[in-house]
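So the structure is just underneath, and the comments pick up after that.
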Amino acid sequence: MSIKPIRTRFAPSPTGRMHIGNARSALYPFLLARRLGGTFILRIEDTDQKRFVPGAEQELIDGLHWLGIQFDEGPGIGGPYGPYRQTERREIYHEHAWKLVDSGHAFPCFCTSERLDKVRQEQMKNKQNPRYDGYCRSLSIDEARQRVANGEKYVIRFKMPKEGSITVTDHLRGSIVTENAALDDSVLMKSDGLPTYHLAAMVDDQLMQITHVIRGSEWLPSLPLHAHVIRAFGWDEPVFMHLSVFLKPSGKGKMSKREAAEAIKDGHSIFLNDMKDLGYTPEGVLNWIVLMGWGVADDDVMTLNQMVERFTIDSLTPSPAAINFQKLDHFNATHIRLFSTEDLAGRIKPYFTREGLNVNDDVLLKIVPLLRERLVTLDDCLGFGSFFFKDDVSPNPEDLIAKGLDAKQSAGIAQRAYEILLAQSDISHERCEPPLRAYVEESGLNANQVFGILRVATTGQKVSPPLFESMEIIGREKCLARIKQAIEILEKM
RNA sequence: GCCCCCAUCGUCUAGUGGCCCAGGACGAGGCCCUCUCAAGGCCUAAACCGGGAUUCGAAUUCCCGUGGGGGCACCA
């Protein structure tokens, strides 16, 4: 039984955009660390120079920040086990790789990639598994060192035992037995002097005292190799957990780049940057992704803090999950309804100003209660509330005509409503609604017809927040002017 | 081709041998409320992949199929 402090990590490679898969791979270890009073670390795995994307690291960090996933150690903020960028740890890996060579667990290999390609093709032709043929495996250590000293290009490979088997444990799946003969002499250190994942991640997890490794299931097949490496060093293994992949919405196949592009066409995205622009909230996104791979019996609406309180690694699920954007919408809308007026006002303001609207904060605060339960995404505020910040509205003339009536009749109704409103001392909804309802009664019309005309006249649109509350915020003068304008439009038809 | 993993309503999942003729949520349908759109309330349909085995008893354990996913690089 270990009494070591819990330390978990998120170890992405800066090779692309921050997406929901990354986010969830960061979320679970974060929750585990917070739940158990441990430490959460960010480590950048940038050992592949060919795939390095400038700016990717920043996008990763921005994404974590947006979601509220704070790391305790990592690039930029440091920590006792740094540096936290693998390219800044070259010597450490170099030293460890050679340690394995010295102990007989690894060997330098001088094979060219040309030769390796040829071997591989040959093997494929003979329907054999493509793997390293062991050419440099039995070179004497003295000869190998001599060739390295002479400046020959080399890699360091793990010397996989030819016989026996290894048993590894995945916390979510139990133990997995693998024949060593099925494993390859994998490269641990590349000829450019940088380590591969197999070496770098194992060394770092050990040196950084990581207790729980939560990572994608694409690593499951190399878990036996990783266990071999760890044991060759004489270390203890951390607890390993492999998260399943996200499947595309149809459930057929995993979420791919191509599929991500499709989603964008439908107004959805799996990239955090895009989701923010589309009006999704960190709360909604978090709630959505946390439940894809983690089961709760009920009460599935949670904030980050509530997730921390309830999280347990034993309720993580090993099966693949199809992403469902409708569910995202649901969680987003649900969290929006939970926000305070001030909070929501601050969150939707940028979407108005982004459209060039001049936002009056007093008005903004007043309309939030009207918009709150109508928003699925934050940018829906535009459709429901832009007219509050415009001087004029330009209703579609056709929309001003009430259902079942003609333009002339509609103009008459508008005129009567105008007079009723004009007679009121103020335009509060408490004052205006009763007389207009009375008019609906005595005229034999229905509320839809009368209020519909007023809605289009005052807001310029057929769908809006509640009419009387909206008119109150728009103000007496503007309302009267807009109704007058509507009457003119109707009379000209 | 070889290796590995997974398998409960359309989707995310609860379920750890009797509490399950399987619970929740999204979505779908219906009703109520209603000035539009929402929100809210109530209700309905909807699943243990197939076959064996173990057991008094299996969604839950084991085996075999089938289906799905992942991996087999000097990428992570």
Side-chain angles (χ1 to χ4, degrees), chain A residues 11-16 45-48 50-51 109 111-113 116-117 120 124 127-132 153-157 170 172-173 176-179 182-184 186-192 194-198 200-201 215-224 242 244-245 247 249-254 288 291-301 314-315 317-331 333-334 337 370-376 380 383-384 433 436-437 440 446-452 454-456 459 461-468:
Chain A
S13 60
T15 53
E45 309 218 324
D46 55 352
T47 56
D48 185 353
K50 295 183 210 78
R51 294 202 307 154
C109 168
C111 296
T112 61
S113 35
L116 260 18
D117 285 345
R120 199 169 301 134
M124 305 256 270
K127 292 190 171 166
Q128 290 172 297
N129 279 343
R131 53 171 33 237
Y132 181 64
K153 280 264 183 194
Y154 72 101
V155 302
I156 291 178
R157 289 178 181 275
D170 171 88
L172 308 180
R173 291 161 244 260
I176 300 164
V177 183
T178 307
E179 292 299 321
L183 269 16
D184 207 355
S186 300
V187 172
L188 300 180
M189 193 154 79
K190 301 179 278 183
S191 58
D192 64 2
L194 284 166
T196 60
Y197 176 92
H198 307 307
R215 53 170 16 178
S217 68
E218 66 270 23
W219 293 115
L220 202 48
S222 41
L223 179 57
H242 295 84
S244 63
V245 293
L247 267 23
S250 64
K252 301 273 180 200
K254 74 163 175 177
W288 182 48
L291 257 16
M292 284 192 281
W294 180 49
V296 295
D298 46 33
D299 263 346
D300 59 0
V301 175
D314 295 312
S315 43
T317 57
S319 46
I323 68 173
N324 180 347
F325 289 113
Q326 285 179 318
K327 201 137 188 172
L328 200 216
D329 285 344
H330 164 256
F331 282 121
T334 302
R337 272 177 252 132
L370 266 35
L371 301 189
R372 184 159 26 217
E373 66 222 24
R374 282 164 243 273
L375 305 182
V376 172
D380 285 341
F384 282 108
E433 185 166 352
L436 282 167
R437 285 214 180 266
V440 168
N446 64 47
N448 268 349
Q449 295 172 311
V450 177
F451 298 165
L454 287 177
R455 181 188 316 285
V456 176
T459 70
Q461 49 197 52
K462 289 165 81 171
V463 174
S464 81
L467 179 62
F468 300 103

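All chains are named by letter (A, B, ...) in the order of the sequence lines, taking the proteins before the strands, and each is independently numbered beginning at 1.
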Rounding to a whole Å, what distance do you find between [X]:[atom1] and [N]:[atom2]?
{"X": "Lys327(A)", "N": "C12(B)", "atom1": "NZ", "atom2": "P", "result": "9 Å"}
{"X": "Trp219(A)", "N": "C6(B)", "atom1": "CH2", "atom2": "C1'", "result": "20 Å"}
{"X": "Leu371(A)", "N": "A38(B)", "atom1": "CG", "atom2": "P", "result": "15 Å"}
{"X": "Leu183(A)", "N": "C2(B)", "atom1": "CG", "atom2": "C1'", "result": "13 Å"}

Worksheet item: In the structure shown, which nucleotide is the Watson-Crick or G-U wobble counterpart of G40(B), with both distances under 3.5 Å?
Response: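 Because both required distances fall under 3.5 Å, G40(B) counts as paired with C32(B).
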Discussion item. Counting only Watson-Crick pairs (N1-N3 plus N6-O4 or O6-N4) and G-U wobbles (N1-O2, O6-N3), all under 3.5 Å, who is the partner of A7(B)?
Written reply: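 Pairing partner: U66(B).
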Tell me if the side-chain of [X] makes a donor-acceptor pair with the base of [N], cut-off 3.5 Å, by modelled atom types.
{"X": "Asn129(A)", "N": "G1(B)", "result": "yes"}
{"X": "Arg455(A)", "N": "C35(B)", "result": "yes"}
{"X": "Ser191(A)", "N": "C74(B)", "result": "yes"}

What is the nucleic acid contact for [X], judged by heavy atoms within less than 4.0 Å: base, sugar-phosphate only, or nothing?
{"X": "Pro249(A)", "answer": "nothing"}
{"X": "Ser464(A)", "answer": "base"}
{"X": "Arg51(A)", "answer": "base"}

Discussion item. Does Thr317(A) form a side chain to side chain donor-acceptor pair (under 3.5 Å) with Ser319(A)? I'd like the steps, not just the answer.
Written reply: CA-CA 6 Å; Thr317(A) 57; Ser319(A) 46; 4.7 Å; no
Between [X] and [N], does any side-chain N or O lie under 4.0 Å from OP1 or OP2?
{"X": "Lys190(A)", "N": "A76(B)", "result": "yes"}
{"X": "Ser217(A)", "N": "G70(B)", "result": "no"}
{"X": "Lys50(A)", "N": "C75(B)", "result": "yes"}
{"X": "Arg372(A)", "N": "A39(B)", "result": "no"}
{"X": "Arg131(A)", "N": "C2(B)", "result": "no"}
{"X": "Asn448(A)", "N": "C35(B)", "result": "no"}
{"X": "Thr47(A)", "N": "A76(B)", "result": "yes"}

Using the [atom1] atom as the point on both nucleotides, what is the distance between [M] and [N], in whole Å?
{"N": "G50(B)", "M": "G67(B)", "atom1": "C1'", "answer": "10 Å"}
{"N": "G40(B)", "M": "A76(B)", "atom1": "P", "answer": "48 Å"}
{"N": "G68(B)", "M": "C74(B)", "atom1": "P", "answer": "30 Å"}
{"N": "C49(B)", "M": "U8(B)", "atom1": "C1'", "answer": "10 Å"}

Worksheet item: Less than 4.5 Å apart, any side-chain heavy atom of Val187(A) and any of Tyr132(A)?
Response: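 The answer is no; the side chains never approach within 4.5 Å.
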Discussion item. For a quick test of reading the model, state the closest non-hydrogen atom pair linking Arg337(A) to Glu373(A) and the distance between them.
Written reply: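 Residues Arg337(A) and Glu373(A), closest heavy atoms: CG-CA, 3.9 Å.
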Worksheet item: What's the spacing between Arg131(A) CZ and Arg120(A) CZ if we round to 0.5 Å?
Response: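 Interatomic distance, Arg131(A) CZ to Arg120(A) CZ, rounded to 0.5 Å: 12.0 Å.
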Worksheet item: Would you call the rings of Phe451(A) and Phe468(A) parallel, tilted or perpendicular if under 30° counts as parallel and over 60° as perpendicular?
Response: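 Judged by the thresholds at 30° and 60°, the geometry between Phe451(A) and Phe468(A) is perpendicular.
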Practice prompt. Decide if atom NZ of Lys190(A) counts as having more than 12 heavy atoms of other residues, nucleotides or ligands within a radius under 6.0 Å.
Written response: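 More than 12 within 6.0 Å, yes.
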Discussion item. By nearest atom, which of the nucleotides A73(B), C26(B), C35(B) is closest to the Ala447(A) side chain?
Written reply: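 The closest nucleotide is C35(B).
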